[in-house]
Structures are given as structure tokens and as C-alpha cells.
Amino acid sequence: NAGVTQTPKFQVLKTGQSMTLQCAQDMNHEYMSWYRQDPGMGLRLIHYSVGAGITDQGEVPNGYNVSRSTTEDFPLRLLSAAPSQTSVYFCASSPTGGDNSPLHFGNGTRLTVT
Amino acid sequence: AQSVTQLDSQVPVFEEAPVELRCNYSSSVSVYLFWYVQYPNQGLQLLLKYLSGSTLVKGINGFEAEFNKSQTSFHLRKPSVHISDTAEYFCAVSAGSARQLTFGSGTQLTVLP
């Protein structure tokens, strides 16, 4: 059982480049989310989805787009990368997004924007 | 609005010694509380959670936490730590659902031989 799979593990971009961070889960979870982790700031929610075709913004959505065409996949797109987007990105899922279900995290994507 | 404060960014402790990682929260409504652990180069894993009922919550790997409503705290404890407990620990609070989960800034626990 793979759980939550993120690719790539590492990525270096130049300012202005675009890329997509991939996230897939095989647990049939309805809720999926993207966080960024920065030193001393914990994890901050970028976007989330409560089911296929439904997405919404989190705490820090600017500069990021998401879509949810299937239950399994929840890609995060950076349209024009900026140095401020240098961070570690985590995808997480849970069965429903309710409080009784813990989040399952992927192993992260470490992104550097130069 | 809710917030979480982890009072110590780094906690070094010798192997087999007890440890307490402190977490305080603020919220205008009832909350649910969580501790997550992050081992190097991995994602976060749930350590334990408080939803309701007994204020003493036991989690995996011998960790426990106590919910103190009057002091708005949810400190994490372990009576005897191992080298393998070296990791970053995050306290988190939710007032309603996963999308309202707020994380603290993390505490790096380093267990020394």
C-alpha cells in the first residue's frame, strides 16, 4: 500500500519557470491538501479539495493553482516560480477531512527557486 | 481564529531521560488537538490526538499528552526517550475540520547518547 506519493523529491527552478508537483493517493480519500513547510513557521495550508471537482484556497494560495479531476490525484502548479516559493511542499490526505480522521502525508518535495 | 505556540524550538535530552515538549493554544471555540512527528526526510505522522473524553491521551512509541483546558495547553511527554525519537514534533489545533488545522512552528527533539 503506497499511501501518498509525491514526485519529484527535489526540484530546482529558475525564477519565472513553471512546474507541476504531483500528488497521488491510493486510499480512496476524499480530502486532499497541499502544505508548504518553512523553517520556524510550521506547515501552512496552500489549497485543499474535499472531492473530485472541488477545490478551495487555504492560508497561502497566491502563486499556486490546483485541480482535482480524479479522487486519486491532486497536482499543484506553480505558473511563474519566485524565490519566495523556495520551500518543502507536502501533500496530505484523509478519508473525509473531518476531525476524527488523521492526515496522511507524503514524503515531500524540496523546491529551490533561484 | 486559533493559534498554536510551541515554546521550545530545540530540546536536547540524553537517552533514557524523560522529556516534555510544550504546546499552548488559543481559540475562541472548542478545539481538537494533535501531535505529529516528522522524521528526517519524511512526511508527518500522527502521534496522538485529543478529541474529547479523558484528558490524558496515549499515542504511539510510548508518548502521551495531557489536555489542560484551564491552561490551554497540550504538552507531550515521554518517560524515557531513545535515540530513535530524534525528530521534529508539531503540535496542531483544529476548530472544525482538517482544512482548519493550524500547526505550531515545531520542536526539534535531539536525543543524545
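Numbered from 1 within each chain, the chains take letters A, B, ... in sequence-line order.
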Do the ring planes of A:Tyr35 and B:Phe103 sit parallel (below 30°), tilted (30 to 60°) or perpendicular (above 60°)?
-> perpendicular

Any chain of hydrophobic side-chain contacts (each under 4.5 Å) joining [X] to [Y]?
X       : Y       : value
B:Tyr89 : B:Val93 : yes
A:Phe74 : A:Leu21 : yes
B:Phe34 : B:Leu47 : no
B:Leu51 : B:Leu46 : yes

Mind ranking B:Gln100, B:Gln6, B:Gln38 by heavy-atom pairs under 4.5 Å with chain A and telling me who comes out on top?
-> B:Gln38

Nearest 0.5 Å please: distance from the SG atom of B:Cys91 over to the CG atom of B:Leu33.
-> 6.0 Å

Can you find a heavy atom in the side chain of B:Asn68 that is under 4.5 Å from one in the side chain of B:Ser73?
-> yes

Can you pull out the residues in residues 78-87 of chain B with any heavy atom less than 4.5 Å from chain A?
-> none

Verify whether the ring centers belonging to A:Phe105 and B:Tyr36 lie closer than 6.0 Å.
-> yes

Should B:Arg77 and B:Glu64 count as an ion pair when the cut-off is N to O under 4.0 Å?
-> no

Just wondering, more than 12 heavy atoms not from B:Glu16 lying within 6.0 Å of its CD?
-> no

Taking heavy atoms only and a threshold strictly under 4.5 Å, list by residue number the residues of residues 37-64 of chain A that touch chain B; give 'none' if the list is empty.
-> A:Gln37, A:Gly40, A:Met41, A:Gly42, A:Leu43, A:Leu45, A:Tyr48, A:Val50

